[in-house]
Structures are given as C-alpha cells and as structure tokens.
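The model shown is predicted, which means the values in this text are computed figures rather than measured ones. In this chain, numbering begins with 1 at the start of the sequence shown.
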Amino acid sequence: AYQMRPLAIEDIRTYFEVSAPERELSNAELETLSRVTRGIPLAVKEAADIWKTGAPLAKITGDSAEFATGQLVQRMTDRYLQHVVAEADKQAIFALSLADGDVELLRAMLRPEDGSSFDLEELLRRMERDYASVHANRARLHDDPAVFIREYLQDNVRRTGQRVKALNGRAVEALRARLVTMEEELVTLEERCTDDDWIQAALSLGHYLFWIDEAEAWHWIIPRCVESMAYSPDLGNGLLEVIDDWKALSESTERLYHILRSPEDADALLKVLTKLEDRGWLNGQHAGERQAILELHRGNHLLRQGQLKAALDRYAKVESGLPEQGDMLRSQLADAYELLAHRLLWPSDRYQSVHNDAVEQVLRRVLEWYPARHNAWYLLGVNLGASGQNEAAIEALQQAITLNDRFAAAHSALGNVYIALNRHDEAQAAYDQALTVDPSSSRGHGGLGAVHQALGHPEQAIAAYEKAIESDTQY
C-alpha cells in the first residue's frame, strides 16, 4: 500500500472537486497540496477529508505559526503509528525514519544505553513482520511513512524533546567519528571537497545538527560553504538542499538561506561571510586557506566592478594563504591574474594595449606555477611589446603559439611586434596565420592593412581595413 503510484496534480484536482465540490481550489492551493501530499493517494484522501470540513489550507499544511505541524502530517503519522504500542518499537520507528537507510547511524541510534551489543538484523526482521512500514533489507521505512514521520518529528516540541534529541545526538557523534576517519587519508580541503563520501558525510552532519541546535548547524555549515566556493559546486548545492529543509526554523536561517542561494548578489554574500569571519566562524584547521578563498572572491568582485588596483591587492593576500598541497585554488588565482592582466593591458581600447609593470609581475608568477599556460605567455608578450621590449615579446608570443598554434590573437600580436620592427614579411606571415586560424579575426585583417600601408599598397590596405571593420565595427 505504501508504494502506490503518486497521483498527478490534475488527478488531485479531480479528487478534491469530487470530495468537496462546494469549495473551489485555486491553482496555487493545488500546487501546495500536491507538494505537501507528494501525490500519495492516502495523503491526498486525508487532505481532502480535512479540506471539506472548511479548514484553512494552512491548517492542512502547517505552513503557518498558528498551525505548526499541520493536520495532514498529524493524521498520516497517527495512521502509521496506530499499531505501535511498545515504546521500544516507537523508538525504533523514529530511528528508522531519521537514519534514512544509513546502517551505521541506525546502529548508533539504537545501541543500548549500557553499551552492550544487540542484533540489529534480528530487530529489523522482527519490526518488518510487525509493521508494514518497515523495509528490513534497506534498514529504513518505506518512503511514504518515512517522509511524514520525519515531518512529524520536526515539530519544535518533538524535535527538542529528549527522545528525538538523543537519537540525533548519537547520529552526530557517529558522523563526526566517520569524518575523523576519512580525514586521516583526505588531508587537504581540496581532497575532502572532491571526495563523494566525505561530501555526503559533511552534508549529513549539517542535517543532523539542525535537528539538535540551529546555531551549531550554522557553525558547521558556513566554513563548508566557503570551502565549496573554491572546491566543490556539489558540496555547495548539497548544503543549500540541507538548509532548504530547515529554512522555516527561524527568520535568521531563512535570511541566510536566501543570501547563500543568490550568488549573483556577491556583495551581500561577501558582507555576511566577512561578518562571520570577523566573529571567528572560519577559525580552526585550514583557517588560512578559507580566508584565502574569501579573499579570492573579494578580488573577483572588485575586478567585476572595475576596481583593478584593489583587486590586485586582494589577490596578493590569496597567495599567502595558498595551501602547500593541492592545485585548484592556485589555478583559480592564476585565472584571476590572467583576467586582471587583460583588463590592465586594455583599459579602454581593446585594440591598443598599454604597458603595466604589475602585469609582468603577476604573469611571471603564473608562469612560474604553470609554464604551459599559453594565455599567460600571450599576455606577457603583449605587455613586453607595449613597453618596446620587442625581442622578449617575440620570444613570449612564440612560446604561446608553440603551446597552442590555433591561438589567433597570439599570431596577430606577433605580427604587431614585427610591424614595430619593420619586419614586414614576417608580420604578413603572422597575420596570414591568424586568419588561417580565424578568418573573421579583425586583428588579423587590420594587421594586414598596416603591412600594406607600410609597403605603399593603399588599395590593398583599404580592402584589409574594410574587412577588419566588417568583422568588428569598433575596430
């Protein structure tokens, strides 16, 4: 009975129209009912029975302070627990619902107070015989009762009661021990945040901490959020899913949830994280690395705002917090340095580069870390050429082309240096190569125009310039 196919939303509408024809159901109310019943036929029936009494929707769903748990959850839980008489069995049912198939956590929750051994398999087989809601092989309840019993236990009074708190407290202990064991092999934050098992354990710990103490949950989650910003979108998305389950816990949790799930509002996010950093929330092992991650994102935010000098200062701070092991954060800093170098080289005109001493410094650093970064060699060559260091520029640009011979911009930049040296044949060959790679390259066409102009071929120069303008009207 627990595995009946869920009803589609239109089926729910039809059922309610038949059950309570005198009450019209709006589309918004229908969507809410579909969400809270999950389309479970028994839950839909119970919800319809409450609806036809004239009760407000909030009384069914519990989506208000006045009706915290909701009659639907209460009725469904009563149905699932109606034959559970023994307190030990009720404890086991609650544990099965909370552990959600994690055998290690279930065993921790149900171990006897005196620490003596017990046979979990035998208990599960007996529970399955006695209660249809128990799935022994999967060490959990069937989905339908599990969902409603968990919601029933999330009620503030029950959640903070001794029984439920003790069960979740044991889960927290087991998860902390699990993480300690994992972290003996996963030494760096990068290793941890890219390990699926560690991510799942970290998410589970955040979930169970919310059951026990909201503040403690946030103290665990915020450092993980910062780590996810550098190392793991999966971890970040998983944390949002955990918080989503608890966002109704308080106004502060809901507010933090909305800030974290809106990365486009970088200013608000960084302000909150900075405030929490100042309060010591990022302290502990790897604190310097977490601070470096935040500095990187502060620098990126400043770069997007056009505050290039301030961004450069932030990136310099990132370097001091780079971990000795691991590559991802260093690689992201290298990306940021390249983007900053590009903005400094072409501050106002993308066809007229301007030499900048800071560009050479940061690019030399990037190439020290990653000698095979063709874009860094290209930008370095452009910067050297802009300062008249033509031979060094040629060497850097040729290195970029060696690493990526399909790099049209590098071929064009090389042609520009040859033009400056009046080496017109080599310049033409470089521009021709740029156009072989990218026939629409405005730099390549414009460069050929400059060669023909220098050689006294006005008609060919005009034709080449026209092609450049056709490719880019801003040329």
Which residues pass the side chain to side chain contact (heavy atoms under 4.5 Å, CB included) test with [X], sequence neighbours left out?
X: R298; value: L270, T274, E277, L294, E295, R314
X: A316; value: none
X: E173; value: R111
X: N356; value: L344, A358, V359, N383

Salt bridge check: are [X] and [Y] linked by an N-O gap of less than 4.0 Å?
X: R176; Y: E216; result: yes
X: D438; Y: R406; result: no
X: K309; Y: D313; result: yes
X: D102; Y: R178; result: yes

Tell me, do [X] and [Y] make a side-chain contact under 4.5 Å, heavy atoms counted?
X: I50; Y: K52; result: no
X: Y315; Y: V362; result: no
X: M76; Y: Y152; result: no
X: K45; Y: R75; result: no
X: Q74; Y: E46; result: no
X: I149; Y: L81; result: yes
X: D49; Y: S19; result: no
X: L57; Y: W51; result: yes

Is the number of heavy atoms from other residues, nucleotides or ligands within 6.0 Å of [atom1] ([X]) greater than 12?
X: Q162; atom1: CD; answer: no
X: R330; atom1: CZ; answer: yes
X: E324; atom1: CD; answer: no

CA sep, side-chain torsions, deciding dist, call: V44, I40, side chain to side chain contact (heavy atoms under 4.5 Å, CB included): CA-CA 6 Å; V44 172; I40 299 167; 5.9 Å; no
Could you check whether any side-chain N or O of [X] sits under 3.5 Å from a backbone N or O of [Y], counting only pairs where one atom can act as donor and the other as acceptor?
X: E185; Y: M182; answer: no
X: W281; Y: L273; answer: no
X: D11; Y: L7; answer: no
X: Q332; Y: A230; answer: yes
X: Y370; Y: S331; answer: yes
X: S262; Y: E264; answer: no
X: E227; Y: L189; answer: no

query: Regarding Q361 and Y337, is there a side-chain donor-to-acceptor distance under 3.5 Å anywhere?
result: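 Side chains of Q361 and Y337: no pair found under 3.5 Å.
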- prompt: Using 30° and 60° as the class limits, which term best fits the ring planes of H135 and H142: parallel, tilted or perpendicular?
  reply: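 Taking H142 first and then H135, their aromatic rings sit tilted (interplane angle of 30° to 60°).
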Geometric class of the W218/F210 ring pair [parallel <30°, tilted 30-60°, perpendicular >60°]: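 Judged by the thresholds at 30° and 60°, the geometry between F210 and W218 is perpendicular.
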- prompt: So R150 and F94, side chain to side chain contact (heavy atoms under 4.5 Å, CB included) or not? Walk me through it.
  reply: CA-CA 8 Å; R150 274 197 297 272; F94 289 167; over 6 Å; no
task: Show your reasoning for whether salt bridge (Lys or Arg N to Asp or Glu O under 4.0 Å) applies to R170 and E113.
output: CA-CA 11 Å; R170 289 185 171 193; E113 292 290 341; 3.3 Å; yes
query: Taking it one step at a time, do F148 and L42 satisfy side chain to side chain contact (heavy atoms under 4.5 Å, CB included)?
result: CA-CA 12 Å; F148 285 102; L42 180 59; over 6 Å; no
field: Where V318 and L296 come nearest, the two heavy atoms and their spacing
entry: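 That would be CG2-N, 3.4 Å.
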Using salt bridge (Lys or Arg N to Asp or Glu O under 4.0 Å) as the criterion, list what pairs up with [X], not counting sequence neighbours.
X: E17; value: none
X: D244; value: K247
X: R125; value: E128

Result block: side-chain N/O donor-acceptor pairs under 3.5 angstrom for residues 83-93, not counting sequence neighbours:
unit_1, atom_1, unit_2, atom_2, d
E87, OE1, R163, NH2, 2.2
D89, OD1, R126, NH1, 3.0
D89, OD1, R126, NH2, 2.8
D89, OD2, R126, NH1, 2.9
D89, OD2, Y131, OH, 2.7
Q91, OE1, R163, NE, 3.0

Can you list the residues that meet the side-chain hydrogen bond (donor to acceptor under 3.5 Å, both in side chains) rule with [X], with sequence neighbours excluded?
X: R140; answer: D100, D143
X: Q200; answer: S204
X: E214; answer: S250, T253

query: Is it true that the NZ or CZ of R373 lies under 6.0 Å from the centre of W377's six-membered ring and within 45 degrees of the ring axis?
result: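 No, R373 does not sit over the ring of W377.
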Sole candidate of R158, R38, R159, R35 that passes salt bridge (charged side-chain N to carboxylate O under 4.0 Å, His left out) when paired with E151: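 The passing option is R38.
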task: Would you check, one step at a time, whether the test side chain to side chain donor-acceptor pair (under 3.5 Å) holds for E338 with Y378?
output: CA-CA 10 Å; E338 286 186 11; Y378 159 67; over 6 Å; no
message: Under the criterion side chain to side chain donor-acceptor pair (under 3.5 Å), I'd like the reasoning laid out for S116 against D114: C-alpha separation, chi angles, the key distance, then a yes or no.
response: CA-CA 6 Å; S116 60; D114 60 6; 2.7 Å; yes
- request: Could you walk me through whether L308 and L303 pass the side chain to side chain contact (heavy atoms under 4.5 Å, CB included) test, one step at a time?
  value: CA-CA 6 Å; L308 307 187; L303 183 58; 3.4 Å; yes
- prompt: So which of Y208, Y257, W211 actually passes ring pair (Phe, Tyr, Trp, His ring centres under 6.0 Å) with W246?
  reply: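 With W246 as partner, ring pair (Phe, Tyr, Trp, His ring centres under 6.0 Å) holds for just one option, W211.
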task: Scan for side-chain hydrogen bond (donor to acceptor under 3.5 Å, both in side chains) pairs involving residues 21-30, sequence neighbours excluded, and state none if there are none.
output: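 Matches after skipping sequence neighbours: R13-N27, S26-E29.
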